[in-house]
Amino acid sequence: MTVEHTLPAGQRTRAEEAPTEPAAVRRPSLRRRILKEKWTYLFLLPGVLYFVVFHYVPLLGNVVAFQDFSPFRGIFGSDWVGLENFRTIVRDPEVMRALTNTLIIAFLQIVFAFPAPIILALFLNSLVSDRVKRSIQTIVYLPHFISWVVVVSIWQKILGGAGLVSEILERVGVEGVNIMANPDTFKILVTSQVIWKDVGWGTIIFFAAIVAIPSELYESAATDGASSWRRMWHITLPGMMPVISMLLILNVGTALTVGFEQMLLQQPAVGADAAQVLDTFVYFRGIAGGDWGVATAAGLIKGVIATILVLSANKIAKKLGGEGVI
Amino acid sequence: MEQRRSTGQHRPGGPTRRQAIGLAGTSIAAAAVLGGCGSSSGGSGSGSSGELTVPVTHEAESVEGLILSDVEGVAPLYVGSPTEYRDVVTDKPAAGGSISSFQILWGAPVTGRDKNQVWQKLEEELGVDSFDITMVPDASYGDKLATLLASGNLPDFVYVQPTDPNAARALSDGAFLELNDYLEGEKVEDYPNIATTPEVTWQDSARDGALLGVPNPDPLRNNLMVLRLDAMKEVGADAVPEDAEDLKTLWLELAKLGKVGGREVFAHGALEPTTFEPLHDLGQEFQIVDGKVTHKYLLPQYEDHLAYMAELWKGGFFHPDALGQVDPELFKQGQQLNYEASFAGFYWVPDAGRVNLCREAVPTAEFIHYAMPSVEGGVGRHALGKSYGGMVCIPADRGKDEDRVRELLRICDYYRSPFGSEEALFLNSGIEGRQFDFDAEKNLVPAENPPTEGACTWLGLLQNRVNQLPDMNRDMLDNIKETLEAATESGEVSLVDGLVSEVQIRNDSKLEEVHKDYYNAIVSGRRPVSDVAELQKAWLDRGGQDVLDDFQKLVDEAS
């Protein structure tokens, strides 16, 4: 069907308004455009400077991966060794062990630690009493502010060989239980610690996402007789999905960073078989061993893997109908 | 950097000292070979010839009441405090200007310079207008030093622990000034306190004949074992067994006690491998057996040692969390019955020594020090330490100004002021009336809640060690002296100490991690003792063999 558009009398079409000869439309110069938006650029400047100075310029330091680096001689004075540091890594069985442990722990954290704050946020959102809600929020936020040294000490006092659980079990005749020194359950232990420490803090962003969902949707659903479960499933969760998708992609990008301090503190008790991860490997070789070239090469490999993971997760998110972050 | 070699046939006091303290399991020939790595005090001393003349050594003026030991390498003892202190540095070392240092901070951070009276007095004593002191905690020394080196802006004094990989690399890279032209032979007499440094300390700290810093002398052994005698009496023992098997029986009996002096107790705290190694005469980390360099983990008795340790674990001798984090202060809280610490750890000033703190927590506590016995009978073979604990280096670029170097060395000389001097009293204890006081008998009494100012005086250069025993612990004197002497006499120094293997330095932390991983698993029963073969293979495959080969090459070259 064709619709004819007519103009009110006295009005002309754009074509009629257009000059008969095309005049050269000059774009304002870059300087003029910058001056026009000067306040925007001024506000951008600190952020851009921060990223350039503290994130992009230091990237140049990755050349150390191709050197027999000496801190005193510096990048310009150290010898170039080509790919030797990468060969050392490939030949080192410790790297494969560290990579395997890292991937297992990363997987556990994404499967269990990532959804935990979503579930908690949904649970807290369903609470009617604001007072109870705020009290629970305060309590679950607290562990986030405790350092890993203290967290591990607290867990040891409860689950260690001389801890509360062990003492209780001893009284009922079960001796020698030391959950903190059991390599078989170590990966579950560290995932539990991460959940305990950060579940509250993680709810902040999800709460913000829930608040952004229009209340009319809930009112309409309630009018139509939707139960609270239905409302959560069909309104809250889909409303949170863009944030969940974005955070999941970002988490995948940092998945190979699985808690350096947490691992370093607990490694002696369970052994490297269970607790050696890429970050502790880099520490032992780079900082403690002074082998900066090998440590940087390992860090570079980790960065490349993380980039591939982010790009893959982004692509998957887009295929599943999400927006992705890139 | 010019490479120097010594001309001497052997180190004065080198093999002789070693032979005197008994080199079980090593060949005399190897000792002679390695002795050649050192130098002779009769060498040419010419800087241009690339040879080292060891700086001469003068005995420090003795203090009345100093108890000297007949056993070489044992620090003198002194009970209480000297009644008089003498001035040993009459002229100010510097004539104004500013100096800077990078040093370790022991304990809590100190008050800033503007409000720190000790810091200000130190500047006054040294004769400088300002002293910029960078203090880093011991735990982060390695990474802070790496950052400092990478900055290219080194302070006048850098405290160097040669076992740190970054420090070792910097020494090899020529970061620090070669001090031979200032300190060799009799030149050291310009700095009379530095001249009290023992010859062996100079020899051990020199690299390829180059004196790259002023070393801080250390006794060969200053660690002591202690048992709670009151707990021993509860299980019917009043003396420490002289046999390792009997000692194990005693330890396991103590493990069953549960409570002593009204407190929950553990027989032993953290699992620290080196503490127990004398039981099976494991000795030094690297050893020469029949001319070949080997490692203590590769010795035939190592499996027996692990079996012994596994039995202790099974018997509940160790704290249940001994593999992880154990409160390091269990002993001073009266909750640990068997313990190892340095002399200073046990008897530092009266209010901070762990023996007195333990007695405060458990008034009925009694103590007995002992040297670890061997399964073969007698005292076990102890691994003696180096004759120095780090050194203070001056950056190479300061060498352009000889007067400046001499001024910096005069400052080092001030820091090395001997026991019994006003200078050492200030450096060690702070300011009278602020950090300490004297009682009626002229004993030094620490002030209550003193301002945290004193740690800035720790540059890393101390007086020749004197173990100062608080008067209230006088009853322990003989026990301490006998224990230190027995452990030192039965000990051995490292035959590869004079050799610098960068392969070893680079692999050290990795190999230690490999060992600790297997060791913890075997001792705690997660792995069978027979896995010792797997441990040894993993250690060799992961870099241990490269280290042994490198040391072997160095030994062969030295011969």
Side-chain angles (χ1 to χ4, degrees), chain A residues 61 64 68-78 88 91-94 97 149-150 152-153 155-157 159-163 166-167 170 175-178 180-184 264-276 280-281 283-294, chain B residues 140 142-152 154 164-176 264 266 270-271 314 316 318-327 330 395-396 502 505-514 516-521 524-527 538 541-543:
Chain A
V64 166
D68 177 16
F69 182 72
S70 153
F72 175 70
R73 291 162 73 181
I75 288 174
F76 298 106
S78 297
T88 305
R91 284 196 292 259
D92 194 335
E94 193 68 24
R97 179 161 71 170
V149 178
V150 180
V152 172
S153 298
W155 279 62
Q156 186 154 296
K157 290 279 177 203
L159 299 177
S166 172
E167 210 169 289
E170 258 177 42
E175 290 207 349
V177 175
N178 187 351
M180 297 293 284
N182 186 346
D184 298 331
L264 194 69
L265 288 164
Q266 297 180 95
Q267 200 185 90
V270 292
D273 268 342
Q276 183 80 298
T280 51
F281 171 81
Y283 169 78
F284 283 119
R285 292 300 289 268
I287 306 286
D291 215 341
W292 299 95
V294 170
Chain B
S140 58
D143 39 319
K144 292 287 194 303
L145 178 69
T147 312
L148 180 77
L149 291 165
S151 76
L154 299 181
D164 176 85
N166 293 305
R169 190 77 191 266
L171 289 169
S172 304
D173 286 346
F176 302 111
E264 184 192 13
F266 302 92
L271 177 60
K314 207 172 165 188
F318 294 100
H319 188 285
D321 294 320
L323 300 184
Q325 292 184 338
V326 180
D327 184 350
L330 280 177
E502 293 207 357
I505 291 166
R506 195 174 278 203
N507 281 280
D508 193 43
S509 66
K510 180 176 68 173
L511 290 174
E512 203 37 56
E513 196 199 347
V514 171
K516 185 93 183 179
D517 208 24
Y518 275 94
Y519 181 88
N520 283 355
S524 64
R526 284 207 308 265
R527 283 177 179 270
D541 290 349
R542 300 281 309 284

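As the structure is a prediction and not an experimental result, all values here were calculated from the model. Lettering follows sequence order; numbering is per chain, from 1.
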* To do: Enter the distance from B:D173:CG to A:S78:OG here, rounded to the nearest 0.5 Å.
  => 7.5 Å
* Asked: CG of A:D184 to CG of A:D273: how many Å apart, nearest 0.5 Å?
  -> 10.5 Å
Side chain / backbone / both / neither for [X] at chain B, heavy atoms under 4.5 Å:
X	result
A:F281	neither
A:S166	neither
A:D68	both
A:D92	side chain

Given the options [options], which has more heavy-atom pairs under 4.5 Å with chain A than any of the others?
options	value
B:G324, B:A167, B:A175, B:A168	B:A175
B:D143, B:L148, B:L154, B:N166	B:N166
B:L271, B:L323, B:D327	B:L323
B:K516, B:K510, B:E512, B:H319	B:K510

* Report yes if some heavy atom in the side chain of B:Q325 is under 4.5 Å from a heavy atom in the side chain of A:P268; otherwise report no. => no
* Are the side chains of B:R169 and A:F72 in touch, meaning some heavy atoms are under 4.5 Å apart? -> no
Nearest non-hydrogen partners of [X] and [Y], listed with the distance:
X	Y	value
B:R526	A:A269	NH1-O, 3.2 Å
B:P165	A:G289	CB-O, 3.4 Å
A:F69	A:I75	CE1-N, 3.6 Å

* **Residue pair A:F284, A:Q276: steps toward the side chain to side chain contact (heavy atoms under 4.5 Å, CB included) verdict** => CA-CA 10 Å; A:F284 283 119; A:Q276 183 80 298; 4.0 Å; yes
* **Pick from A:E94, A:R91, A:Q266, A:Q156 with the largest number of heavy-atom pairs that fall under 4.5 Å of chain B** => A:Q156
[X], part contacting chain A, at a heavy-atom distance under 4.5 Å:
X	answer
B:R506	both
B:E513	side chain
B:D508	neither

